[in-house]
Each structure stands twice: as C-alpha cells, then as structure tokens.
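First comes the structure, then the notes that go with it.
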Protein chains: 2
Amino acid sequence: MNIGEIAKRAGVSRSTVSYALSGKRAVSDHTREKIQRVIDELGYRPNASARALANGRTNTIGLVFPPAGDHYTGMQLDFIGSVVEAGATYDYDVLLSPSGVDSDRSFQRLLGERRVDGAILMEIRLQDDRVDHLLAENFPAVCIGRTARPEGDWWVGLDHTALAAACVHHLADLGHRRVALVNRPERLLRAGYESAHRGLEGFTKAAAERGLTVRTYTCGDDAPSGQACLERILYDDPATTALVTLNEAALGGLYRGLSHAGRHVPRDFSVTGVVAARWAETVTPQLTAADMPAAQMGRLAVELLVERLDHPDAPPRHHLLAPPISLRASTGPAGTGPAGSVAPTPPGSDLNA
Amino acid sequence: MNIGEIAKRAGVSRSTVSYALSGKRAVSDHTREKIQRVIDELGYRPNASARALANGRTNTIGLVFPPAGDHYTGMQLDFIGSVVEAGATYDYDVLLSPSGVDSDRSFQRLLGERRVDGAILMEIRLQDDRVDHLLAENFPAVCIGRTARPEGDWWVGLDHTALAAACVHHLADLGHRRVALVNRPERLLRAGYESAHRGLEGFTKAAAERGLTVRTYTCGDDAPSGQACLERILYDDPATTALVTLNEAALGGLYRGLSHAGRHVPRDFSVTGVVAARWAETVTPQLTAADMPAAQMGRLAVELLVERLDHPDAPPRHHLLAPPISLRASTGPAGTGPAGSVAPTPPGSDLNA
DNA sequence: TTGAAAGCGTTACCAT
DNA sequence: ATGGTAACGCTTTCAA
C-alpha cells in the first residue's frame, strides 16, 4: 500500500496525491475528495522513512539524558512526560536517548544517522561534550540546563544559585545557625553537573553572607542513601537544626533518618530544598521548597526547539527561571534543640551512589 | 556526506561500502581497512531514513502509554526507564507514544507510518482497542499487562489477582478484620484498567474467603487524593485497621492521612499493597508490599519483542509474574484500635482524579 | 572479491 | 490544476 497505488485507484498522478495530502499545492475539490475517499477506504498512511528521506525531516525530536543505571528520579520523569506531551501537540514524536556523553552509541545514532530533526538535552554538565559537539555542528538543540558558558546557545535553565541561596536565607530568617546541604551523588558532582555545582555555590555564598555554620554532603539518589546521609549529618554535628536538599530522591530517606533520630519536623529540625512540587507534596510534613517547575521547563524547551527548527537562522533564545519558595510545612523557627538528644551512632559509609 | 562519497574516496563501489559496513558479504581485509579509514576520517554515518526505506527496518521500537494529563506515576517511570535501557542493549532506540486509544494521532503515526519495527504497550485495559488493532494487523507488539483474553498474544503481566489476594491474606493472618482497598482512579477503573480490575477481584474474593469486612475506594493518582481517601475510609468505618493500596501515587497521602488521624503505622493501622520496590522504600515506615518488578518487566518485554522481531513466525510467548510480599515495616498485628479515637470529620469530595 | 543497477516510497521541481 | 520524473541515500540482486 503506497502512494502509487492510491494514485492509480484515484486515477491521478502520485504527485497529485502527495500534494492533496500536504496541501503544498492547490488541488481541486473534486480531485481531493476522490483521493481522500480512496485513502479512507484503504487506510493508507504515507511511509515515514520514505518521507523523511525525501524531504529531510523526520518530525521526531530526540530527548537525551544520561542512562540512569538503576533508576530515574522524579524530576526526570516530569521532564520526560512534559516533553513528550508538548511534542505531541506539535505532532512531533520523541525518541529517547540514554546518553551521558557524546560517545554513547545512542547519541551517535540519534545525531549522526539523522534520526531526529533536533534534540533536547537534560542533565547538563558545566563542561558538556554533548553540548560542545552539537554546538560545533550547529545541530538544532535546546538544553534543559546551562553549561559554564551558555551564551550563544539555546536553553531553558533554573537559577540554582539563587534557589539554593533563597533556601539558606529562608532558614537564616527563621534563626537557624547550623545548616547542612544534601547534594546529588559525588559522582555527579565530580562529573560537573550544573545543578549540583551552582546549587552548592549558591548555598555556600549565602551561608557565608549570613554567617552560618555549614557542612555539605553528597548523597546517593535513593531513600537509603538519604537516611544514611542524615545519620552522618547528626553524627558530625548534632547541633544541626536544618538542611537544604538538592537531592529529591533522597528526601524520603532524610525524613526517615530524622524520625529515627527523634527529631520532629519542623519543631526540632527544618527541611527545605529544590524539589519538583509533586514530590514535595508527597512527604509528611509537606516540604517547603523552591519548586522545580519541571513540566513548564519541558514545555518551554519544546517550544524553543520548534521555533529553532522552523527558523534555522533565528538568534539563540533562552529562559532562566527562578521560582519562589513555596511555604509548606517542613520549616519553622530554630528551637533550642531537642530536649533529650539521642546519642549518635557512627553511620554507615555508603552515602554516595 | 553519503555512501557514494565514501565509495568514491575509497575507490570502490557503493555496494562494497555497504557490505563492508554490514558484513553481509565478504570483503577483503585490504578493502575494508581502506574504507574504514575514509569513514573514520570523514565521520560518516549511514542515514537512518534511507536505510529504513531500503531494508524495511527502523531499529526503533515504540513505547505506547496513555497520556498522563498532568503527571506520570512512579511505576510508569520505572517501566519507561527499563525499556529504554534494555532497548539500548539491543541497539534499539525507543520512540514514545502517548496514546491511550488506537485513534490517537501519535498511535496512528507510529504504526501506520511504520516508524517503528515493533511496539510495547503499557497500561493495558481488559478490552483494549489498541491491542485489538495490533492483533488484527499482526503487528509485532508486546503488552505489559493482559487483556481479558490474552491467549495468543505476547505479553508480560503481573498476577494482580493473586497479589491483591496475598495482601489480604497477609492482613487476615495478622488478625485484621476490617480492611479497605484503595484502588486507582474511578476513571481508570471505568476504562477497564487491568490492574485495577484484577486487583479488585483478588481483593474481594480473598476477603470473602477470610470473612473480612471490607470497603473499596477509588482514589486519584496523587498525594492529596490519598489523604482525602484515607479520611473517608476512617469516616466510613472508624474501626478499619488496615488497607491495601493498588495506588502507588496515593501512598504518601495515605500515610499523611493516618498520621493526621493519630493512627500510628503499624501499631494502630497496617498498610500494604502492590507498589514498585523503590517507592515502597521511600515512605516511613517502609511499606510491606508485593513489589511490582517494573524494571524486570520492562526488560522482559523488550526481550520478548526482540525475539518476535527476529522470528516473525515464532509462537506467542508470555511471562506471568507473581512476586512474593516483601516484609518491611508497615504491617503488624491488629490491635484493639487506638485508645482515644479522634472524632472523624466529613472528608472532602474530590477523592477521584 | 567486487561492480552495476534496480528498487524502497516519498517529495518537489519542471513541464504543460 | 495536474502529470512526469529526478532526486533522497541506502540495500540487495544479478553479473562478472
């Protein structure tokens, strides 16, 4: 079942069928209806590969994110979902590419073999060879996140520096003096993950401004790591009264650790951080946090990419978002610490992924 | 940059280049090396559309799941992740299709336009027009889940009936007599979602066998709905001492509702259900549950699909999984109920999505 | 061991 | 308003 068959049965040429379908050339009502009847009858749909080969467009966008190893985090989920749905509204399909570096087979396939018209990259590193690669080839791409030098590129980013700082100021305003930062896994920090670095920077600077005593930790992307991390925090400094987490997946574990240590949130201990709203509302008490607007970012990235694809010479555009802190129930005034503080036990050593 | 260019520079024919790449015909070492040098030098990669057009294979599989509306659940995330990674090991890319019914544009594109070699379907309904459609066309597909008549089809499923029953027996063994079921949203139940129906069936039958007093609820896929649902459960029957949830996304809200009602888990109230392990470990206390082996199911689905693609006439295969209940910390012996039971207040009315 | 050429199913240019 | 035909870039059969 191909366009030739349709043409034959409708008694017209193949090009007329093509034009009737694409609307790129006027076709008389009579002819179009005749063609449409045949198409409906036979259930014809043009072959995507042939079309892509002929006109050079696949109508597919690639979504590139690092292989998760064992699992993905909630925000990644939100990003993927929003990109897929936004793409669908523009009739773009989304091809997933689990690639952390530009040498990944999947990344090579996507771009080298021209499987997609453009790409959206997630989990950007400050130095990101995938981005460099794309930039060098002038391949239509939009980053969710910024490299160290984002000028001249297309991206939608979050101001992690400002967000982490806002968390610190919020806690300082509540009177907290000893605060911990729970960052993403050591491995990601070392790899240069933007959110981990900029968040750390914002935290550190704001803490210095407010004269706080701080400690910073890396933590695996899962609940058990979060629990272990919390134990270490209290072991290192039992007088800690608050924490900021950039690590969403660890949140449940952090809460559990606090509960086991007998610290009530928010009476004895305040928790805040940068987390997608949906997950902030899952825990009890609900997390006061700078809500990462994952769905909005995914949608914006698609919009930017579509614009770039439609106007290949358009100047680079970007969006830098800095959502305010949503006050929920996990932070409160610094107290005098728990009455009967439990003697800390040395925590396990597998804090990191 | 195309195969002709490579051929010219290497001083061979295009077919020789093609064969050197595919290995489908012997090529002398000398020639192959010469070609490879040129390829490396120019960074050539064959165009995927042209290749797909010529040999009829896209090396892409479609992953079909309903559009989430506002968000996806954790298990969906696990499925997507595992399918993508398993696909990558076979050098298959994954194309996402947010389609709940066979008339969705994205579904039509995927299959009708032959964008993919095969498909994996999620969120199966007992009567599923997508499955019927695929079956009728003998399109290579594998379902994650089973329709009402799964014979003759390819699938990897979970024995929701047995799992829900196991939860009931577990609670009955602990002495619970009044138990609630928290199901997926009403909308999904009405649409005929397999897990919701078979889970309900298993729950109801097992409860009857054990002579339990039960109530069943539908609940939106989010924490606030879970909280509201829990309030209604205790309002309808304050003597309820345990619940089984098929709704993972509501879990955090259920816990919060219990906490607000002053019911301690597991002392005053036991919670269990069917939930992906990763999410069962996020809550405190960790959930005793039949762990939905999402990652394994995704991997199996890919393996089945690859087999079906490699052997178009192979007889249908499937896997029915029934993981045991993982004992964690959220269930315990039925007590005599809380000492000073809080007077229930009428819950809100937006229990369902 | 290699080359030539005929498809694969579209699109889009050049005619009329 | 429509038809004819040359691309698009690859694979694969047929010949040598």
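To find a chain, count down the sequence lines: A is the first, B the second, and so on, and within it residues start at 1. Since we're looking at a predicted model, the values are computed, not measured.
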**Request:** Among the candidates D:dG3, C:dT10, C:dA5, find the nucleotide nearest to the side-chain atoms of A:Val12.
**Result:** D:dG3
**Asked** Looking only at side-chain N and O atoms, does A:Ser18 come under 4.0 Å of OP1 or OP2 in C:dT11?
**Response** yes
**Request:** Check the distance between D:dC10's P and B:Arg45's CZ and give it to me in whole angstrom.
**Result:** 12 Å
**Asked** Is the shortest distance from a Lys or Arg side-chain nitrogen in B:Arg37 or B:Asp40 to a carboxylate oxygen in the other one below 4.0 Å?
**Response** no
**Message:** In whole Å, I'd like the distance from the CZ atom of A:Arg51 to the P atom of C:dC8.
**Reply:** 19 Å
**Request:** Please give the angle, rounded to 10 degrees, between the axes at the start and the end of the helix from C:dT1-D:dA16 to C:dT16-D:dA1, where five pairs define each axis.
**Result:** 40°
**Request:** For atom CZ of A:Arg114, decide whether the heavy atoms of other residues, nucleotides or ligands shown that lie under 6.0 angstrom number more than 12.
**Result:** no
**Asked** Rounded to whole angstroms, how far apart are CZ on B:Arg14 and C1' on C:dA5?
**Response** 8 Å
**Message:** So for atom CZ, which belongs to B:Arg57, do other residues, nucleotides or ligands contribute more than 12 heavy atoms lying within a distance under 6.0 Å?
**Reply:** yes
**Message:** Looking at A:Arg25, I want to see if its CZ is surrounded by more than 12 non-hydrogen atoms of other residues, nucleotides or ligands under 6.0 Å.
**Reply:** yes
**Prompt:** Between C:dT10, D:dC10, D:dT2, which one does the side chain of A:Ala54 approach most closely?
**Reply:** C:dT10
**Fill in**
Regarding the side chain of A:Asn55, the nearest nucleotide among C:dT11, D:dT11, D:dG3 is C:dT11
**Prompt:** Less than 4.5 Å apart, any side-chain heavy atom of A:Tyr44 and any of A:Ile3?
**Reply:** yes
**Request:** Find the distance B:Asn2:CG to D:dC8:C1' and express it as a whole number of Å.
**Result:** 9 Å
**Asked** How long is the line joining CD1 of B:Ile3 and C1' of D:dT12, in whole Å?
**Response** 11 Å
**Prompt:** For the pair made of CD in B:Glu5 and C1' in D:dC8, what is the distance, rounded to whole Å?
**Reply:** 15 Å
**Asked** Starting at CZ of A:Arg57 and ending at P of C:dT10, how long is that distance when rounded to a whole Å?
**Response** 19 Å
**A:Arg130/A:Asp104 salt bridge by N-O under 4.0 Å criterion** = no
**Asked** Side-chain N or O of B:Tyr44 less than 4.0 angstrom from OP1 or OP2 on D:dC10?
**Response** yes
**Message:** Between B:Arg125 and B:Asp129, does any NZ, NE, NH1 or NH2 come within less than 4.0 Å of an OD or OE carboxylate oxygen?
**Reply:** yes
**Prompt:** Mind checking whether B:Leu188 and B:Asp221 have side chains closer than 4.5 Å, heavy atoms only?
**Reply:** yes
**Prompt:** Ignoring hydrogens and angles, does a donor from either the side chain of A:Tyr19 or the base of C:dC13 sit under 3.5 Å from an acceptor on the other?
**Reply:** yes
**Request:** Rounded off to whole Å, could you give me the NZ-to-P distance for the A:Lys8 and C:dG9 pair?
**Result:** 12 Å
**Asked** Within the pair B:Asn47 and D:dG9, is there a side-chain N or O less than 4.0 Å away from OP1 or OP2?
**Response** no
**Prompt:** Going by atom types only, do A:Thr60 and B:Arg115 share a side-chain donor-acceptor pair under 3.5 Å?
**Reply:** yes
**Prompt:** Can you find a heavy atom in the side chain of B:Leu63 that is under 4.5 Å from one in the side chain of A:Leu96?
**Reply:** no
**Prompt:** Do other residues, nucleotides or ligands put more than 12 heavy atoms under 6.0 Å from the CD atom of B:Glu5?
**Reply:** yes
**A:Ser15 side chain, from C-beta outward: closest of C:dT10, D:dG3, D:dT12** = D:dG3
**Message:** Expected output is a numbered-order residue list: members of residues 110-118 of chain B with a heavy atom under 4.0 Å from any atom of DNA chain C. What is it?
**Reply:** none
**Prompt:** Of the candidate nucleotides C:dG9, D:dG3, C:dT2, which contains the atom at the shortest distance from the side chain of A:Ala50?
**Reply:** C:dG9
**Aromatic ring pairing B:Phe107/B:His133, orientation class (parallel under 30°, perpendicular over 60°, tilted between)** = perpendicular
**Complete:** Contact check, residues 21-33 of chain B vs DNA chain C, heavy-atom distance under 4.0 Å, returns B:Arg25, B:Ala26, B:Val27, B:Ser28, B:Thr31
